[in-house]
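Below is one structure; the comments refer to it alone.
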Amino acid sequence: MGTPGEKEEKVSLDLSEEILLSMEVGMSFKDYNGRISSMDFHRASSYLVTASDDESIRLYDVAAGTSLKTINSKKYGVDLVCFTSHPTTVIYSSKNGWDESLRLLSLHDNKYLRYFKGHHDRVVSLSLCPRKDCFISGSLDRTVLLWDQRAEKCQGLLHVQGRPAISYDDQGLVFAIAFGGYIRMFDARMYEKGPFELFSVGGDVSDANVVKFSNDGRLLLVTTTDGHIHVLDSFRGTLLFAYNVTPVSCNSTLEASFSPDGMFVISSSGDGSIYAWSVRSGKEVASWRSATSDIGPPVVKWAPGSLMFATGSSELSFWVPDLSKIGAFVGKK
């Protein structure tokens, strides 16, 4: 429980279009020797983990602004990385082309705790259940596998007809699988019965890249290689908005992320730019040109419960509001 002063400050700094417009890089780490392919904020600590094409997994304490640890995965490479419920344990996918196992790794002592074998092609989507020690993985082998972190063998298998993008909702009760112009909604407890809902994304049949739920579970977004970010009502399947950016190559991923309050979406773009969109109006609120636009779309993620987002390209950047600019933006209206 914070002091009254802390509470008052949080209320006065609710995310707004003015605050978004003021955001700029407050801190960056430029010691990468390759493109950042994935990042994840821990849900309950100030830690962030990144995976990079330089075959490194790096742990940061965002609150302290420090790099805590770098672990190299030279043998397997690293592509996607996600925290488990523990702030120094991660699950990551390989990038060596010959071993598609997922790995449970302790960053504390650099030990593999478990291997998850089952996929036969590159894993392109990974989502951990927020409430239980379960996770799902989607692969170019056209399967989605369901796992328990305590067991090496998968607990369930779903066949798909395309590149799958997958995500649990914030309660871990539902997961979504997007491919082929549709989002399929599954009850996590009865997934073997098939999807209980099928939502269309307006005729966009290009490969789905990411699918995400808003924190309150009411909204759903899906990005596609054609440069579209579709936002839907997750209960009715109604298409609310479609934002358009520069398409991405088939080897890249168009990232997007809801703000913690679900009122804004930030996205990357095939030209390396970053955009912010209002969910309420459907309009673009802000855009930023990436200094490293030559290496494709950056990874973008909002920090949980914070007025900050991170981008990853050939460097890691943390974007925060410049409060000295707020008055100027308000005055423009």
Side-chain angles (χ1 to χ4, degrees), residues 23-42 46-83 90-97 105 107 122-126 165 207 209-210 212 223 225 227 229 245-257 265-276 286-303 306 308-320 322:
M23 293 182 87
E24 58 184 34
V25 176
M27 177 175 60
S28 58
F29 293 87
K30 303 182 178 182
D31 56 337
Y32 285 84
N33 297 311
R35 182 187 63 91
I36 295 170
S37 55
S38 177
M39 68 170 76
D40 192 31
F41 285 98
H42 189 261
S46 60
Y47 285 2
L48 171 86
V49 66
T50 65
S52 167
D53 288 352
D54 64 11
E55 300 173 328
S56 69
I57 298 169
R58 306 187 190 206
L59 181 67
Y60 298 87
D61 185 334
V62 179
T66 55
S67 171
L68 298 178
K69 185 164 287 193
T70 298
I71 289 176
N72 291 310
S73 178
K74 297 292 184 188
K75 182 177 179 182
Y76 303 110
V78 56
D79 193 11
L80 303 178
V81 66
C82 287
F83 278 113
V90 298
I91 293 172
Y92 78 93
S93 66
S94 312
K95 201 176 188 177
N96 57 19
L105 173 68
L107 301 176
R122 187 164 70 96
V123 173
V124 292
S125 198
L126 191 58
D207 276 348
N209 277 188
V210 300
K212 302 268 181 73
T223 71
T225 52
I229 300 119
V245 298
T246 304
V248 299
S249 72
C250 61
N251 296 322
S252 298
T253 298
L254 179 61
E255 289 265 2
S257 183
V265 169
I266 53 165
S267 79
S268 59
S269 172
D271 66 2
S273 299
I274 302 146
Y275 292 92
S287 64
W288 302 270
R289 187 82 180 137
S290 170
T292 54
S293 58
D294 56 324
I295 64 165
V299 183
V300 292
K301 276 252 166 55
W302 275 102
S306 175
M308 180 182 72
F309 65 87
T311 60
S313 50
S314 56
E315 55 192 53
L316 174 65
S317 299
F318 296 98
W319 299 71
V320 292
D322 179 351

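Given the structure is predicted, the values throughout are model-derived calculations rather than measurements.
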Report summary line: side chain to side chain contact (heavy atoms under 4.5 Å, CB included) filter on Val62, not counting sequence neighbours, yields Phe41, Leu48, Met308, Phe318
Report summary line: Minimal heavy-atom distance between Ala256 and Val265, with the atoms involved, is CB-CG1, 4.2 Å
Query raised in the report: Which of these, Asn72, Thr70, Leu105, sits in a side chain to side chain contact (heavy atoms under 4.5 Å, CB included) with Ile57?
Result: Leu105
Requested in this report: Determine whether Leu59 and Phe83 make a side-chain contact, defined as any pair of heavy atoms from C-beta on separated by less than 4.5 Å.
Outcome: yes
Report task. Report yes if the distance between the aromatic ring centroids of Tyr60 and Phe29 is under 6.0 Å, otherwise no. Result -> yes
Query raised in the report: Is the backbone of Glu255 close enough, under 3.5 Å, to the side chain of Ser268 for a donor and an acceptor to pair up by distance?
Result: yes
Query raised in the report: Can you name the closest pair of heavy atoms from Ser313 and Pro298 and give their distance?
Result: CB-CB, 4.4 Å
Query - Sequence-distant partners of Lys75, side chain to side chain contact (heavy atoms under 4.5 Å, CB included), two or more places apart - result: Trp98
Query raised in the report: What are the two closest heavy atoms between Ile91 and Leu126, and how far apart are they?
Result: O-CD2, 3.9 Å
Query raised in the report: Quick one: ring-ring contact (aromatic ring centres under 6.0 Å, His included) partners of Tyr32, sequence neighbours excluded?
Result: none
Query raised in the report: Between the main-chain N or O of Ser269 and the side-chain N or O of Thr246, is there a donor-acceptor pair closer than 3.5 Å?
Result: no
Requested in this report: Output all residues satisfying side-chain hydrogen bond (donor to acceptor under 3.5 Å, both in side chains) with Ser37, sequence neighbours left out; order by chain, then residue number.
Outcome: none
**Report entry** Any residue meeting side chain to side chain contact (heavy atoms under 4.5 Å, CB included) with Ser38, in chain and number order, not counting sequence neighbours
**Finding:** Ala51, Leu80, Val81
Report task. State, with a plain yes or no, whether a side-chain heavy atom of Thr223 is found less than 4.5 Å away from one of Ser267. Result -> no
Query raised in the report: Is the backbone N or O of Val78 less than 3.5 Å from a side-chain atom of Ser73, with the two atoms forming a donor-acceptor pair by type?
Result: no
**Report entry** Rounded distance [0.5 Å steps], OG in Ser52 versus CE in Met39
**Finding:** 10.5 Å
Query raised in the report: At what distance, to the nearest 0.5 angstrom, does CD1 of Ile274 lie from CE of Met23?
Result: 10.5 Å
**Report entry** Over all atoms of both residues, closest heavy-atom pair of Arg289 and Ser273
**Finding:** NH1-OG, 3.1 Å
Report task. Using side-chain hydrogen bond (donor to acceptor under 3.5 Å, both in side chains) as the criterion, list what pairs up with Ser125, not counting sequence neighbours. Result -> none
Query raised in the report: Does Phe309 have any ring-ring contact (aromatic ring centres under 6.0 Å, His included) partners at least two apart in sequence or in another chain, and if so, which?
Result: Trp288, Trp302, Trp319
Report task. Can you tell me which residue pairs pass the salt bridge (charged side-chain N to carboxylate O under 4.0 Å, His left out) test with a partner in residues 49-68, sequence neighbours excluded? Result -> Asp31-Arg58, Arg35-Asp53, Asp53-Lys95, Asp54-Arg58, Glu55-Lys74
Requested in this report: Spell out, as yes or no, whether a donor-acceptor pair under 3.5 Å connects the side chain of Thr253 to the backbone of Asn209.
Outcome: no
**Report entry** Leu107 vs Val90 side-chain heavy atoms within contact, under 4.5 Å
**Finding:** yes
Report task. List for me each residue that meets side chain to side chain contact (heavy atoms under 4.5 Å, CB included) alongside Ser252, sequence neighbours excluded, and say none if there are none. Result -> Val248, Ser249, Pro297
Query raised in the report: For Thr225, which residues count as a side-chain hydrogen bond (donor to acceptor under 3.5 Å, both in side chains) partner, sequence neighbours excluded?
Result: none
Report task. Decide yes or no for Tyr275 and Ile229: does some side-chain heavy atom of the first lie under 4.5 Å from some side-chain heavy atom of the second? Result -> no
